[in-house]
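Written out below as structure tokens is the structure these notes cover.
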Amino acid sequence: MILFSLKPRHKILIGMIRDNWTRLFAAMGCMLVIAATTSATAFLVKPVLDDIFFNKDQTMLTLIPLAVILIYFLRGAATYGQEYLMNYVGEGIIRRLRNMLYNHIQDLDLAFFQKERTGVLMSRITNDVNIIKSMVSTSVTSMLRDAFTIAGLTGVIFYRDWKMAAFAFLILPLAFYPIVEFGRRVRRVSTGCQQAMAEMSSFLHETLSGNKIVKAFGRENDEKERFAKKTLDLFRLEMKGVVANALSSPVMEFLAGIGIAFIIWYGGSRVISGTSTPGTFFSFMAAVLMLYDPVKKLSKVNNKIQQGLAATDRVFDILERESDIQDPPTPVEFRNRPHHVRFENVSLRYDGEETRALKGIDLDAAPGEVLALVGMSGGGKTSLVNLIPRFYDVSEGRILIDQIDIRRASVASLRRQIAIVTQDTILFDHSVRYNIAYGKPNAAEEEVIAAAKAAYAFDFIQHLPRGFDTRIGELGNRLSGGQKQRICIARALLKDAPILILDEATSALDTESEMLVQKALENLMRGRTTFVIAHRLSTISVADRIMVLVDGKVVEEGTHQTLLSRRGEYFKLYQMQFSNDPEADLSVSERETPAAVTSD
Ligand SMILES: Nc1ncnc2c1ncn2[C@@H]1O[C@H](COP(=O)(O)OP(=O)(O)O)[C@@H](O)[C@H]1O
Ligand SMILES: [Mg+2]
């Protein structure tokens, strides 16, 4: 009945089941007891009828009720044991699979996260894993308990009247065809259902977390409609599954009815002619009727297995995916000290993109040098700095830190050298203290406070309901963009890494707090190799060198003054972006040029 071939992924799953063999063994014992008690009940019908009712045997009248009590006691105990043990195994497998999935997903490269939607990944860890559990516990239970019960009852049937039994079993193969056919249909529908489910959780994730935008653009009703369409799709698919599932029982029941009709006719005629006793007949009949339940359950096993296999495929598709960013076999460990960073003819083409985002970049940053990257949005600034911690790997060329190709180093030691502040202020739902100490979990209280002070975050943190213990989630959206950004800066300050990447790290700050934070950043940059991307001159002017990126190429390089006097690309940018900055040093004429466009 198991219609599939074993792949490595299935072997892993079976291995997980087998790891629980002691529990499975005990559960199997319970199942044997359950099967035996069911068969014994059917068996006892004959002595009840023939010995008690017809022969009026007094000893049997006391013995049989006692036997029945014992049988049902054993049955109850075994049922409890089997339920407990099988669920223990099933829930244990859920736990292991969830952890495996989460651990694996955490280690996948950033490109994977850009491709997959968060909601879909969440659905893998929550829904699909549950379906696999259901397959494991139902199928193991059914295949053992129900198969044992069927075997026992079949034994009773043949023992009572083998000729009649042989006839009854002739029609059994007929019952198998619908089981197989329904199973196939269920598997197809189940895959569709789970995809629709993943689709829905992804949709929920987006529209609930991005609810401010939904409201701002007045799209509530459209989103309601889109959601209603998704629930309708899911409804239709689920109903298809229900039809396939629900049809399998009536079809089997009808076949069973034919069998029973035959038994009544044939068995009855044998009782009438005196070749059989009423006890034999009813015992036989009881066993046949009791067969119905385990056979029905066993017939659903195929459906469960088909659903489970579809879920297993989705889960293992993720588990078998390898990260593109990995440690080499013998990784070099970077040590914590000022670093020299060098790009040699580096190009980057994102997966599936036609054009290169970076084209032949050469760059050399001495230990402690502050390098500014400027250029219009889309020029490749973020792409360039993302290569340093190996968020992506170069497509051509190489990046050297202290003359070592970063692909030869351990990823963990590479990333320990780098502190990053980005434009997106991502904080976790935990205390403010936890967030600041994210890169150094064992930091002392004084260090956390010092970092917060240096990032000019201390004052507003103190005014939060519970200071450093305030949970970010508890604040909801009460932190302003600038406040979040200052917590992020404190987080980077505390990490105290020799390479610093500031990707529009001050974009959310107002001019006043930027001036304050600017001083903190200047302190921070001292002695560190720094890559700073900013669209405000105050941040750029402290740089030792400025590189202008246009279309993934470095078009100009030099100090602020030399670049201005060259009157090229930087000069243009400067006019467009910086000249309305009150901090801007407008020593170069051209005051009269219209200049108010702020890009980025
Ligand atoms: N993950 C990505 N996948 C595909 N293309 C990307 C990805 N990230 C950025 N790009 C593209 O690379 C180019 C450079 O983007 P980016 O480095 O973000 O520029 P900048 O930071 O200067 O604004 C853009 O054309 C952008 O669309
Ligand atoms: Mg950018």
Side-chain angles (χ1 to χ4, degrees), residues 105 108-118 120-121 202 206 321 323-325 341 343 345-363 365 370-397 399 406 411 415 418-426 481 484-485 488-489 492 499-509 514 521 530-537 539-540 543 545-557 563 568-570 572-574 576-578 597-600:
I105 290 175
L108 282 172
D109 49 277
L110 210 61
F112 170 81
F113 289 91
Q114 312 250 282
K115 263 186 280 182
E116 298 285 339
R117 282 165 305 159
T118 315
V120 171
L121 293 179
S202 167
E206 272 174 27
R321 186 180 310 219
S323 176
D324 286 337
I325 310 290
V341 179
F343 279 52
N345 192 28
V346 166
S347 296
L348 172 68
R349 187 202 306 272
Y350 286 107
D351 246 7
E353 296 291 317
E354 296 269 304
T355 53
R356 292 181 297 173
L358 294 172
K359 300 160 191 160
I361 305 279
D362 284 304
L363 169 167
V370 177
L371 207 69
L373 299 167
V374 299
M376 299 287 268
S377 147
K381 305 180 295 293
T382 300
S383 301
L384 188 151
V385 294
N386 276 348
L387 294 176
I388 303 172
R390 284 189 77 194
F391 288 153
Y392 297 89
D393 266 342
V394 299
S395 311
E396 286 159 47
I399 298 172
I406 57 173
V411 178
R415 290 185 185 159
I418 303 166
I420 303 180
V421 185
T422 62
Q423 195 171 13
D424 332 298
T425 49
I426 293 166
K484 282 192 206 155
Q485 203 153 43
C488 293
I489 291 170
I499 297 174
L500 183 63
I501 295 173
L502 304 172
D503 189 352
E504 313 204 350
T506 53
S507 58
L509 301 185
E514 200 208 344
L521 289 180
T530 305
F531 295 82
V532 49
I533 301 171
H535 58 272
R536 288 197 197 160
L537 187 64
T539 318
I540 305 291
R545 202 146 39 100
I546 298 168
M547 301 180 85
V548 185
L549 270 166
V550 176
D551 268 347
K553 278 191 293 243
V554 178
V555 293
E556 273 178 344
E557 191 177 337
L563 285 178
E569 203 62 39
Y570 183 72
K572 269 196 279 176
L573 270 174
Y574 171 74
M576 283 201 301
Q577 299 187 354
F578 308 140
V597 193
T598 314
S599 85
D600 267 29

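Atoms within a ligand are numbered from 1 in the order they appear, just like the ligands themselves.
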**Message:** Distance check below 2.8 Å: does T382 bring an N, O or S atom to the Mg ion (ligand 2)?
**Reply:** yes

Honestly, for Y392 the part within reach of ligand 1 (heavy atoms, under 4.0 Å) is side chain

Test: R390 and D109 ion pair at under 4.0 Å | no

Closest heavy-atom approach to atom 25 (O) of ligand 1 among S377, G379, G378, G352 is made by G378

Using atom types as modelled and distance alone, determine if a side-chain donor or acceptor of K115 lies under 3.5 Å from a backbone N or O of L110.
no

Parallel, tilted or perpendicular, judged at 30° and 60°: which one describes the rings of Y350 and Y392?
perpendicular

Sorted by chain and residue number, the salt bridge (Lys or Arg N to Asp or Glu O under 4.0 Å) partners of E556 (sequence neighbours excluded) come out as none

Should G375 be listed as contacting ligand 1, given a heavy-atom distance under 4.0 Å as the test? no

Residue set satisfying side-chain hydrogen bond (donor to acceptor under 3.5 Å, both in side chains) with S395, at least two apart, ordered chain then number -> none

Logged contact type for Q114 with ligand 1, heavy-atom cut-off 4.0 Å, is side chain

Under 4.0 Å from one or more heavy atoms of T382, ligand 1 contributes atoms 17 (O), 18 (O), 20 (P), 21 (O)

